[in-house]
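Remarks on the structure that follows.
Just so it is clear: chains get the letters A, B, ... in the order the sequence lines come, proteins before strands, and each one is counted from 1.
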Amino acid sequence: MTRDELERALAELPFRLLRRLARTIAGPPAMRMGKRRIIHTIMAAAETNQARIEAAIRTHQAEQHAIAAVPSTPAEAAADPKAGKPADLGSFLEGIGVPEPRPFVPDDWQVEAVDALERGDVIVSVPTGSGKTYVAVEATRRAMREERTIVYTSPLKALSNTKFTEFSKVFGPESVGIITGDRRDNPNAPILIMTTEILRNLLYDAAGGEIDVRLDTLGLVILDESQFLGDPERGVVWEETIIFCPSQARMLLLSASIGNPQELAAWLTSIRPNPCHLIRHQRRSVPLRAGYLHPNGKLTPLFRTVAMPPSPSQAILHPEAKRLFTMYEEDASYGSRRSG
Amino acid sequence: MPPSIHPVHLITVLRQKSLTPVIVFLTSRRSCDEAFQAFESTTETLPQARQDVITNVLAELTAAYPSIQDHPLRQMVTVHGVAAHHAGHLPSWKIAIEELMRRGCLDAVFATTTLAAGVDFPARTVVLTQSGVRRDQDFSDLTVAEVSQISGRAGRRSKDSVGFALVTPSPYMDLGVLTRGLTGRPEPVDSQFIISYPMVLNLLKAHPVDHIQSILAKSFAQYQMNAQAATLEHRIDKLQAKLESYQPRECSDWLTQWSAYDHATRQATQKLQARRHHPPEVRARLPFLTPGRVVAFSRFRGVVLRRYRSKGQHHEMVTVLRNGGTVAECPVADITGVVDHAFDFAPAPAFPWAAPEALSWLEQQLGELPKQLPAIALPPPATDDGTGELVKSLGDLFPCPTCPCRPTCAKEFKAGNTVKQEWLHHTRTVQSLRTGLWHKFQERADTLHDLGYLDPTYKLTDDGEWARLIRIDFSLLITEMIRAHAFDAITPGALAGIMACISYENDRPGSFPRISPAMAGLIATTRRMATSLAPHDDPPLLRADVGGLAERWVGDTTVTWPQLCRSTSMAEGDIYRLLSRTLEYLSQVHQLRATHPDLASIAAEALSRIRRGVLEELP
Ligand SMILES: Nc1ncnc2c1ncn2[C@@H]1O[C@H](COP(=O)(O)OP(=O)(O)OP(=O)(O)O)[C@@H](O)[C@H]1O
Ligand SMILES: [Mg+2]
């Protein structure tokens with residue numbers, strides 16, 4: 001390729017690839033540049049890196065080719081989001097505000113989750129802010145009625161503290177204890193709050209013969225933020241906790257949505273005495289809209305539709321958002337001047 | 001630089017459009033602080049009534065968290081209704097900001113994407129200014145799960161009818177990543193099961209060794225590996241069916257037989273290869289190319305100085321002296337004619353392959369040769385390409401050369417062998433998927449046996465009995481240090497210091513100028529021990545500065561929190577986290593009351609000294 005051809009081909013590449021390319025050739029400072037300057041940087045080093053640059057361009061072109069070659073399914077074609085006018089700002093901002101106060105009514109899935117715990121373990125995988133705490137609290141209430149011990153664990157001390165306050169408010173401070181490495185506040189309370197590591201250690205001790213009486217009456221183990229099972233460093237602790245959890249206790253795994261909750265449920269079912277019930281949905285309790293805010297303060301919808309597109313393949317950028325973003329990318333100095 | 005929209009401008013726009021309260025997610029702690037500080041110079045302040053509410057909430061919280069009382073940022077938060085929230089702050093301060101946000105007192109919070117999952121911290125709007133996040137010295141794209149964690153904070157139940165996720169461009173922005181994050185499905189959670197030394201000790205304490213395999217089989221790791229293995233087994237079945245068509249013939253396992261024969265053939269052929277490489281007329285020339293022979297090329301004539309084979313390619317080459325005096329390396333294939341004339345000269349063992357005087361003599365002779373010289377008539381090339389010879393030589397070893405199946409085998413071997421190799425590969429993979437965990441466990445157990453924590457029957461030794469109570473990272477290092485008496489007669493300060501060193505894995509810079517000589521010696525000992533254990537366990541970072549910091553806090557109880565913070569460039573939140581991790585480690589050492597009473601009581605003393613000031617505010 002000649003220099004001109006190279007430069008033109010680079011301009012076609014998405015920003016992300018350009019940045020990656022610049023980083024491999026010219027190092028990290030490229031991170032802070034706009035599209036034009038990045039291309040400039042790459043071109044400056046083009047002589048010695050020609051092969052590498054061309055390879056990147058070819059790979060991208062091949063990918064584009066492959067994407068273009070996939071025929072769109074009839075279903076998608078029918079729901080073509082390009083049909084109709086793109087959303088306007090008015091309808092985008094419509095309905096901001098505080099909803100009419102309504103008496104608290106638990107959602108169906110919340111009730112279902114609490115009920116399912118009567119029959120076996122439960123995994124709840126629903127979006128952030130849906131109300132998983134309600135399930136934890138109600139399940140705790142039932143277990144307390146049966147005079148069982150309840151252990152609530154979270155990955156973070158900060159979260160444990162919040163829950164300690166929350167549970168104390170609901171059940172009274174005398175019913176809630178908290179255990180950390182060096183402290184045991186109210187350890188004989190029916191509800192015990194701790195990090196998952198502490199519970200794992202208690203389970204180790206119990207298995208080793210130093211029975212902590214409390215584990216005999218253990219009726220419910222709540223693992224909040226259980227997507228931590230996939231954490232590279234700490235995930236193993238969640239697995240151990242689940243493997244060693246006494247069979248008479250029910251497990252309640254709460255998590256923000258994860259990709260494979262059914263796989264987790266199948267696993268639990270395969271190793272625990274009772275089948276594991278999966279409660280899962282992706283509906284947000286408060287609808288979400290996505291917008292694009294330009295550095296000059298101009299706001300437009302991010303997508304053509306006001307509602308969130310149901311999948312990435314149907315996410316078509318709003319023409320105005322696209323125009324403004326391209327403008328920004330092509331002149332990164334604009335942003336830095338403003339914030340200067 | 002980020003956010004590329006000026007923070008004050010951003011909040012003004014969002015206030016006008018009733019899009020507050022808002023959480024603005026930024027790349028770094030510093031950008032959060034800078035965005036927050038930018039409000040210092042604005043004249044726009046909250047109405048007095050709202051300021052009073054904030055003052056009251058903070059006063060309320062001060063009862064439980066005294067450190068809020070004199071927090072330097074308190075005034076600005078109250079006046080402007082904005083705050084920064086990141087890991088550089090004390091937990092108590094973060095709790096205060098969270099509480100203010102929950103009660104709707106603040107208009108904006110600038111936070112990093114690490115804002116912990118599950119902390120109830122919602123707003124009407126979230127602003128995304130980046131599509132990547134710093135991870136291990138590098139930038140990587142936000143995952144779908146992370147973006148949904150962020151956008152999930154927009155829209156408070158029963159306080160908002162709708163929530164907004166706004167994207168504002170910055171140099172760190174890739175719209176594609178955010179689009180995918182906002183509309184895609186979160187990633188699956190995969191097992192990260194690792195077999196650690198404490199796990200081995202604790203499992204062997206509770207279960208006989210022949211139960212271990214069935215316990216490991218209960219892990220999610222094994223569950224997922226079984227699923228993989230099942231998929232592969234399905235493939236294996238199919239391959240097996242395919243292999244049926246490569247049924248036994250004259251010999252029962254002809255694929256292996258042929259493969260061995262093929263291998264032998266190849267090896268033997270390699271020797272012939274050079275000759276086979278060239279067309280017959282070139283090969284016919286080879287015997288004549290002795291040193292001194294005159295040869296013709298298309299544009300010049302030369303004298304052969306030596307013949308050799310190029311490395312790797314096995315091309316026959318000659319070094320020739322050209323008329324004009326230059327020495328050149330030429331492929332034999334380039335020779336156009338062999339002249340019926342040769343000179344006698346003394347060859348040399350190295351470049352230029354002839355003695356200097358011989359070289360100039362040859363050059364002169366070459367120049368004096370007449371233009372026309374008779375060429376040698378070459379004999380017709382032999383028709384045998386060497387295979388016959390080969391077959392004869394291998395015939396004693398293998399039946400193949402004379403087997404009636406030979407043509408069929410030769411034809412089908414390639415396809416059959418591909419299937420068989422794939423089958424073998426999958427079979428091996430399945431085996432390692434099924435037994436990998438158990439092998440890893442045995443490996444760990446063997447190390448523990450070598451070090452004396454397990455007896456030959458994998459039962460815990462006396463040392464194993466107490467060592468299993470240390471259930472933290474680098475447990476092996478700590479127990480080995482205890483066994484080496486490195487902590488005997490240690491001060492509580494030094495014990496805290498060394499635990500801090502071992503526990504702190506963050507390489508965010510932060511310096512503390514002074515560390516005691518005793519501490520320095522202890523760190524050196526620990527480093528030596530860690531190095532000797534390196535084959536079994538990765539060594540810790542062992543930052544001396546954090547050790548010094550913890551030593552000071554525990555060693556001198558008159559030191560106040562502000563004094564400690566001033567002595568280092570580390571952020572308050574990082575110091576807190578350091579001491580809090582140290583606390584975890586010390587409490588594990590404290591568990592050794594029964595076997596190491598002295599050490600345990602030093603640990604207890606260190607624990608009680610750590611727990612003062614802000615470190616007493618939270619359990
Ligand atoms: N059925 C309901 N109706 C109205 N509001 C509810 C309902 N259930 C829960 N909420 C409210 O929703 C908010 C969020 O709940 P919660 O903290 O339990 O979410 P979460 O699912 O645990 O989120 P995260 O993933 O962040 O942990 C709380 O303020 C709670 O009072
Ligand atoms: Mg929660």
Part of [X] lying under 4.5 Å from any heavy atom of chain A:
X         : result
Lys218(B) : both
Ser151(B) : both
Ala145(B) : neither
Lys94(B)  : neither
Gln588(B) : side chain
Arg611(B) : side chain
Leu182(B) : both
Ala221(B) : both
Leu203(B) : side chain

Using a cut-off of under 4.5 Å for heavy-atom pairs, which of [options] has the most such pairs with chain A?
options                                   : value
Ala604(B), Gly181(B), Pro91(B), Ser158(B) : Ser158(B)
Asn226(B), Val13(B), Asp174(B)            : Asp174(B)
Leu607(B), Ile194(B), Asp141(B)           : Ile194(B)
Val8(B), Leu166(B), Ile95(B)              : Leu166(B)
Gly155(B), Ala217(B), Ser161(B)           : Ser161(B)
Ser587(B), Gly152(B), Ala165(B)           : Ala165(B)

Run the numbers on His590(B) and Asp182(A) for side-chain contact (heavy atoms from CB on, under 4.5 Å), then give the verdict. CA-CA 9 Å; His590(B) 182 55; Asp182(A) 67 322; over 6 Å; no

Would you tell me whether Gln192(B) and Glu239(A) have side-chain atoms, one donor and one acceptor, within less than 3.5 Å of each other?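 Absent: no donor and acceptor within the cut-off.
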
Between Gln314(A) and Thr183(B): side-chain donor-acceptor atoms closer than 3.5 Å: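 There is no such pair between these side chains.
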
Chain B interface, residue from [options] that has the most non-hydrogen pairs under 4.5 Å:
options                                    : answer
Glu100(A), Glu94(A), Arg284(A), Glu197(A)  : Arg284(A)
Gln282(A), Glu263(A), Met308(A), Lys132(A) : Glu263(A)
Pro309(A), Ala321(A), Gly129(A)            : Pro309(A)
Asp185(A), Thr162(A), Leu93(A)             : Leu93(A)
Pro99(A), Gly181(A), Gly230(A)             : Pro99(A)

Does some side-chain heavy atom of [Y] sit less than 4.5 Å from a side-chain heavy atom of [X]?
X         : Y         : value
Thr179(B) : Leu317(A) : yes
Leu302(A) : Leu175(B) : yes
Ser148(B) : Pro127(A) : no
Asn202(B) : Asn201(A) : no
Met173(B) : Glu329(A) : no
Ile178(A) : Pro619(B) : yes
Arg124(B) : Ile96(A)  : yes
Leu299(A) : Gln16(B)  : no

Locate the shortest heavy-atom distance separating Pro295(A) from Pro169(B); write the atom from each residue and the value.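 Minimum heavy-atom separation between Pro295(A) and Pro169(B): CD-CG, 3.6 Å.
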
Please report the closest heavy-atom contact between Ile5(B) and Leu293(A), naming both atoms and the distance.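 Closest pair (atom of Ile5(B), atom of Leu293(A), distance): CD1-CD2, 4.1 Å.
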
Do Ser191(B) and Leu229(A) pass the side-chain contact (heavy atoms from CB on, under 4.5 Å) test, and can you show the C-alpha distance, the side-chain angles, and the key distance before you say yes or no? CA-CA 7 Å; Ser191(B) 171; Leu229(A) 189 111; 5.6 Å; no

Residues, nucleotides or ligands: over 12 heavy atoms within 6.0 Å of [X] [atom1]:
X         : atom1 : value
Arg185(B) : CZ    : no
Lys322(A) : NZ    : no
Glu616(B) : CD    : yes

Hey, are [X] and [Y] close enough for a salt bridge, meaning a charged N less than 4.0 Å from a carboxylate O?
X         : Y         : value
Lys163(A) : Asp120(B) : no
Asp473(B) : Arg234(A) : no
Lys157(A) : Glu584(B) : yes

Give a yes or no answer on whether the side chain of [X] reaches the backbone of [Y] with a donor-acceptor pair at less than 3.5 Å.
X         : Y         : value
Thr168(B) : His294(A) : no
Arg157(B) : Ser130(A) : yes
Asn260(A) : Val189(B) : yes

Please evaluate residues Arg289(A) and Val162(B) with respect to the criterion side-chain contact (heavy atoms from CB on, under 4.5 Å), reporting the C-alpha separation (whole Å), side-chain torsions for both, the decisive distance (0.1 Å), and the verdict. CA-CA 7 Å; Arg289(A) 293 176 195 163; Val162(B) 51; 3.6 Å; yes

Once you round to the nearest 0.5 Å, how far does [atom1] of [X] lie from [atom2] of [Y]?
X         : Y         : atom1 : atom2 : value
Ile243(A) : Leu216(B) : CD1   : CG    : 7.5 Å
Phe121(B) : Thr128(A) : CZ    : OG1   : 14.5 Å
Tyr204(A) : Arg468(B) : OH    : CZ    : 11.0 Å

Engaged part of [X] at the chain B interface, taking heavy atoms whose separation is under 4.5 Å:
X         : result
Tyr292(A) : both
Ala266(A) : both
Phe228(A) : neither
Ala290(A) : both
Glu225(A) : side chain
Phe104(A) : neither

Could you walk me through whether Asp205(A) and Arg471(B) pass the side-chain contact (heavy atoms from CB on, under 4.5 Å) test, one step at a time? CA-CA 11 Å; Asp205(A) 290 338; Arg471(B) 295 147 177 172; 2.7 Å; yes

Using 30° and 60° as the class boundaries, would you call the ring planes of Trp267(A) and Phe220(B) parallel, tilted or perpendicular?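 It falls in the tilted class, 30° to 60°.
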
